Amino acid sequence: MIKLKPVLFSAVQPSGDLTIGNYIGAMRHWSKMQNDYECFYCIADLHALTTQNKNMFLQKTILDTLALYLACGIDPNKNIIFVQSHVYQHSQLNWILSCFSRFNELSRMTQFKYKKTMFKNDYKGINVGLFNYPILMASDILLYQTDLVPVGKDQKQHLELTRDIANRFNALYGNVFTLPEALISTHGCKIMSLLDPTKKMSKSDSNKNNIIFLLESISSVALKIQNSVTDSDLPPKIYYDTRKKRGISNLLEILSAVTYKDIDILSKELNGIMYSEFKKIVSENVCNFLSILQKSYFNYRNDENYLKKVAQDGAIKASLQSKKVLKRVHSVLGMNWI
Ligand code: TRP
């Protein structure tokens with residue numbers, strides 16, 4: 001396959017409740033990358049099946065996510081935006097790669113171990129998809145001869161597994177798959193909880209005061225920031241140190257992301273002010289940023305025909321690429337001969 005630019009692949013699971021952590025860790029970087037890379041942005045609805053809600057019906061959340069992608073500045077004419085289940089090659093490669101993955105490798109995955117504890121290690125409640133999840137991720141990535149995958153720290157292990165699977169396959173069948181690299185940004189890959197900055201901001205947190213949702217009402221966001229945890233240093237000091245100043249560093253990360261200003265510059269500018277004043281500045285900037293984002297989101301979300309057209313075009317383009325790689329896989333396995 002001839003590449004004009006390096007290929008970048010990223011995905012999020014469909015959900016209407018993406019957080020500012022998702023934005024800062026992932027989506028924020030995407031619109032900047034569209035010029036330097038050939039970008040594939042996928043809505044991973046098949047992955048979402050692993051954590052099912054009652055009567056799950058994915059269409060609404062997929063369209064929500066698609067509208068949010070567009071509102072974040074991802075241009076469908078410059079990038080390939082598509083829904084995972086619309087491109088059958090993902091499921092097809094998934095099976096083949098599962099036969100090149102090892103049970104013990106998957107058992108070692110931190111995310112699986114963590115999810116297992118949520119079922120109190122009772123295997124009866126754990127669906128096999130949850131276990132196989134990283135193989136589907138590997139299929140997503142390897143289908144596009146991906147060079148780079150922007151991932152948060154929590155997904156790094158899955159990317160390493162992807163490389164192991166690709167290496168194993170390549171060792172047997174020649175250079176079929178490109179080995180992907182992780183692209184981990186130094187700042188902002190892990191936004192922490194507002195009330196407990198020792199743990200990651202996670203949309204599944206039962207205490208919603210820990211989380212800033214991208215589509216949440218502006219007044220509620222302001223209140224949450226106002227109540228966020230800082231520290232009791234006297235006199236108050238504002239600088240970046242994720243060990244000694246967890247709460248402040250987290251707010252600085254968020255402020256830096258929404259203002260596009262460097263953390264070092266911000267901490268110099270803000271050092272010496274009261275924490276209440278600092279929070280007010282963070283709150284104003286976050287609220288301003290979110291209200292612009294939300295306005296754009298609702299414009300897209302109210303035009304379902306347009307969203308469907310974007311998804312359809314994306315599926316056609318993604319299929320075209322992934323078919324080539326799958327064909328090569330079938331071919332080296334001796335499955336492509338009629
Ligand atoms: N598992 C990722 C998440 O929940 C989403 C995802 C699916 C993904 N396939 C991927 C991310 C491929 C990167 C590459 O965050």
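These figures come from a predicted structure and were not determined experimentally. Read the numbers this way: they start at 1 and go in the same order the structure lists the ligands and their atoms.
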Taking side-chain contact (heavy atoms from CB on, under 4.5 Å) as the criterion, tell me which of V149, V7, L148 meets it with I141. V149

Can you pull out the closest protein heavy atom to atom 10 (C) of ligand 1? Residue, atom name and distance to 0.1 Å, please. M137 CG, 3.4 Å

In terms of side-chain heavy atoms, does S85 have a donor or acceptor partner in D45 at a distance below 3.5 Å? yes

Is it the side chain (CB and beyond), the backbone, both or neither of D154 that lies under 4.0 Å from ligand 1, heavy atoms counted? neither

Below a 4.0 angstrom heavy-atom separation, can you tell me which part of L136, side chain or backbone, both or neither, approaches ligand 1? neither

Once you measure the plane-to-plane angle for F131 and F112, does it fall in the parallel (<30°), tilted (30-60°) or perpendicular (>60°) bin? perpendicular

With heavy-atom distances below 4.0 Å as the criterion, list the atoms of ligand 1 near V149. 13 (C), 14 (C)

Do the rings of F9 and F40 sit parallel, tilted or perpendicular, given the 30° and 60° boundaries? parallel

Heteroatom distance test (S10, ligand 1): nitrogen or oxygen, under 3.5 angstrom: no

For H47, take its heavy atoms, then give the atoms of ligand 1 lying under 4.0 Å from any of them. 7 (C), 9 (N)

To the nearest 0.1 Å, how far is atom 9 (N) of ligand 1 from its closest protein heavy atom, and which atom is that? D140 OD2, 2.7 Å

Return the closest protein heavy atom for atom 15 (O) of ligand 1 as residue, atom name and distance. Q155 NE2, 3.7 Å

Between the side chains of T19 and N22, is a donor N or O closer than 3.5 angstrom to an acceptor N or O? yes

Which atoms of ligand 1 have any heavy atom of A44 under 4.0 Å away? 7 (C)

Among protein heavy atoms, which sits nearest to atom 2 (C) of ligand 1, and what does the distance come to when rounded to 0.1 Å? Y133 OH, 3.7 Å

Distance from atom 6 (C) of ligand 1 to nearest protein heavy atom, with residue and atom: A11 CB, 3.6 Å

Can you find a pair of side-chain heavy atoms, one from T146 and one from T178, that are under 4.5 Å apart? no

When you measure from atom 12 (C) of ligand 1 to every protein heavy atom, which one gives the shortest distance, and what is it? F9 CE2, 3.5 Å

Say you draw a straight line from CG of N175 to CG of N170; how long is it, rounded to the nearest 0.5 Å? 5.0 Å

For F82 together with Y144, are the ring centres under 6.0 Å from each other? yes

